[in-house]
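Read the numbers this way: they start at 1 and go in the same order the structure lists the ligands and their atoms. Heads up: numbering here begins at 1 and tracks the sequence.
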Amino acid sequence: MSDELEALKQLYKKYGQEHVFNFYDELSAQEQQELVQELRDVDVADLQECWEITQRGDQLLDTSAMLPIDEDLIGSVNSTKEDVLQNYEELALRAISDGHIGVLLLAGGQGTRLGVPYPKGMYDIGLLSGKSLYQIQVERILRLEELAKRLTGSSGKITMYIMTSDHTKTPTQDYFVKHNYFGALPEQIKIFEQQTIPAFNNKGKFVLRTKYNLARSPDGNGGLYRALREEKILEDMDKKEIRYLHVYCVDNVLVKVADPRFMGFCISRKAEAGNKVIEKGWPSEPVGVVVRIEDKVQVVEYSEISKENSELREKDGRLTYRAGNICNHFFEREFLKRVCREHEKKIPYHVAKKAIPFVDPETGIQIKPDSPNGIKLEKFVFDVFQFSKSFVVWECNREEEFSPLKNGEGAAKDTPSTAREALYALHRRYLKEAGAIFSGGAQDAAELSPIVSYSGEGLEAYANQSINLPVLIS
Ligand code: UTP
């Protein structure tokens, strides 16, 4: 046995993980090499410590001292005057023309609930146009560039960074190439990869996926900060002079990518970080809420908030803790640099219980469990708000901005149908507000290409026009 192999075995034994070598002697030379290579790259000591932290519950927030976020940090699309909204918009569009705004799509998740074997962004929710989530998002970017050009006369580009993971990177790359980047420039779309880490069984042992591989999964959307550093994204932002990023989840069909009102609001407030929220609908709704705990801004997950706090109401009847997180974040580049430099390692892991296919370390039999048998450790993208020196919140309306695709058809909520219907309802509203008169079923489909309208603008030609639904305007 080589010295290296012996040292590796001792190391894994020290942390109670020696079972990963159980099948070593029956592996081919190539498989042995593969196993050793993988084990060599795992920071077993660090992971063991992270596991212990989550077992003690040290990562859980102490919510006993939590308070609602200060009113003066909050802006709202509903209570802000039209001319101020327009100022925000113009500020952001000018920043777009100057090339200072980028977007970063979090697309490294495994989409297990939706249950398709390809990245969620490629999913076709059954719109009249047949467009995927990725395509809709790129087209919204193109429309914003056009609006910025009309305002300023100069054509700035919005770089789209896409964080993928081991299983979403290649299909995402191939998909964009196959579709000519949906009209964007190839150099505008930068796809990078977050790391994967080994999964644990309920007793803290690494799970074997095969006799010579560990079961691994992406390290959560908060793996972003490590990936920003490792994949040199911040250097790229420096080079391109991108100062502000809109970071968002792949699965929200209504997402206002690089929303100029939100971006303009955050820029005008000189915020290092900002979060767009919707009003939480009811006490048990499973969304996290933005709160203050001892002068730090935190997102308290719905599993962490007490029943009493979740049910507290203001005099006007609204929930006290209602700033519902929808994974739409603003970050200033220098803040991200500080996070990556000083805080990244300390961002806590959270526990996600999952069904993880595995090889029984005693018998070598492959098992595919139906219910959770193990734990994936995940970081959350919002766990860095606490490090910002200036933080703001922007309230928006659910029906205009939030309809996530989480589950397959037939589930109670957040399905392809609910996403599709939310988009149609919004686009019917845009057309109605422009003065269109519908014939056909009033609830039938109406779809506006993002190339035609980003958020209801540019539809003057439809005033007093009769439109026969269903309609696709492209
Ligand atoms: P979810 O927590 O909804 O996870 O991710 P998911 O992977 O999409 O779906 P399930 O839970 O397996 O069914 C929220 C967002 O964070 C991204 C996802 O791609 C999605 O945009 N994400 C999640 C990452 O980028 N990396 C991760 O490791 C996890």
*Asks:* Thinking salt bridges, do E272 and R338 make one under a 4.0 Å N-O criterion?
*Replies:*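 Yes, this pair counts.
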*Asks:* Any idea which atoms of ligand 1 are less than 4.0 Å away from a heavy-atom of M163?
*Replies:*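 Taking each heavy atom of M163 in turn, ligand 1 has 25 (O) under 4.0 Å.
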*Asks:* Students should be able to answer this: which protein heavy-atom is nearest to atom 20 (C) of ligand 1, and at what distance?
*Replies:*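 Nearest neighbour among protein heavy atoms for atom 20 (C) of ligand 1, to 0.1 Å: L106 O, 3.8 Å.
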*Asks:* Do the side chains of R143 and E457 get close enough for a salt bridge, i.e. N-O under 4.0 angstrom?
*Replies:*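 Looking at E457 together with R143, the answer is yes, because their closest N to O distance falls below 4.0 Å.
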*Asks:* Relative to atom 13 (O) of ligand 1, which among K406, R113, K376 owns the nearest non-hydrogen atom?
*Replies:*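 The option holding the nearest heavy atom is R113.
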*Asks:* I'd like to check M160 versus V138 (side-chain heavy atoms, cut-off strictly below 4.5 Å). Are they in contact?
*Replies:* yes
*Asks:* Taking a cutoff of less than 4.0 Å between a non-hydrogen atom of the residue and any ligand atom, is S165 in contact with ligand 1?
*Replies:* no
*Asks:* Among all protein non-hydrogen atoms, which one is nearest to atom 23 (C) of ligand 1, and what is the separation to 0.1 Å?
*Replies:* G109 CA, 3.5 Å
*Asks:* Could you tabulate the donor-acceptor pairs under 3.5 Å formed by side-chain atoms of residues 101-123, not counting sequence neighbours?
*Replies:*
unit_1: Q110; atom_1: OE1; unit_2: K376; atom_2: NZ; d: 2.6
unit_1: K120; atom_1: NZ; unit_2: D251; atom_2: OD2; d: 3.1
unit_1: K120; atom_1: NZ; unit_2: L405; atom_2: O; d: 2.9

*Asks:* Which residue holds the protein heavy atom closest to atom 15 (C) of ligand 1, what is that atom called, and what is the gap in Å?
*Replies:*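 Among all protein heavy atoms, the one nearest atom 15 (C) of ligand 1 is C249 SG, 3.3 Å.
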*Asks:* Is the shortest distance from a Lys or Arg side-chain nitrogen in R429 or E400 to a carboxylate oxygen in the other one below 4.0 Å?
*Replies:* yes
*Asks:* Short N/O distance, under 3.5 Å, between G220 and ligand 1?
*Replies:*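 Between G220 and ligand 1 (N or O atoms, distance only) the closest approach is under 3.5 Å.
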*Asks:* Suppose I only count heavy atoms of Q194 and a 4.0 Å limit; which atoms of ligand 1 are within that range?
*Replies:*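 Near Q194, meaning under 4.0 Å from one of its heavy atoms, ligand 1 has 24 (C), 25 (O), 26 (N), 27 (C), 28 (O).
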*Asks:* Is the shortest N/O to N/O distance between Q110 and ligand 1 below 3.5 Å?
*Replies:*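 Looking only at distances, the answer is yes, because the N/O contact criterion of under 3.5 Å is met.
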*Asks:* Mind checking whether K354 has a heavy atom under 4.0 Å from ligand 1?
*Replies:*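 Per 4.0 Å heavy-atom rule, K354 contacts ligand 1.
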*Asks:* Of the side chain and backbone of A107, name the one, both, or neither that has a heavy atom under 4.0 Å from an atom of ligand 1.
*Replies:*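 The answer is the backbone.
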*Asks:* Any ion pair linking R216 and E38 (charged N to carboxylate O, less than 4.0 Å)?
*Replies:*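 Looking at E38 and R216, the cut-off is met.
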*Asks:* Kindly confirm or rule out an N or O of L114 lying under 3.5 angstrom from an N or O of ligand 1.
*Replies:* no
*Asks:* Do the non-hydrogen side-chain atoms of P450 and I136 ever get within less than 4.5 Å of each other?
*Replies:*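 Contact flag for P450/I136 side chains = yes.
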*Asks:* Looking only at protein heavy atoms, identify the closest one to atom 12 (O) of ligand 1 and say how far it is in Å.
*Replies:* T112 OG1, 2.5 Å
*Asks:* Check this for me: does any side-chain nitrogen of one of D295 and R292 sit under 4.0 Å from a carboxylate oxygen of the other?
*Replies:*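 Looking at D295 and R292, the cut-off is met.
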*Asks:* Heavy atom of G223 under 4.0 Å from ligand 1?
*Replies:*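 For ligand 1, residue contact (heavy atoms, under 4.0 Å) with G223 is absent.
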*Asks:* Side chain, backbone, both or neither: which part of K120 comes within less than 4.0 Å of ligand 1 when only heavy atoms are counted?
*Replies:* side chain
*Asks:* Under 4.0 Å between a side-chain nitrogen and a carboxylate oxygen: does that hold for K232 and D236?
*Replies:*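 Salt bridge flag = no for D236 with K232.
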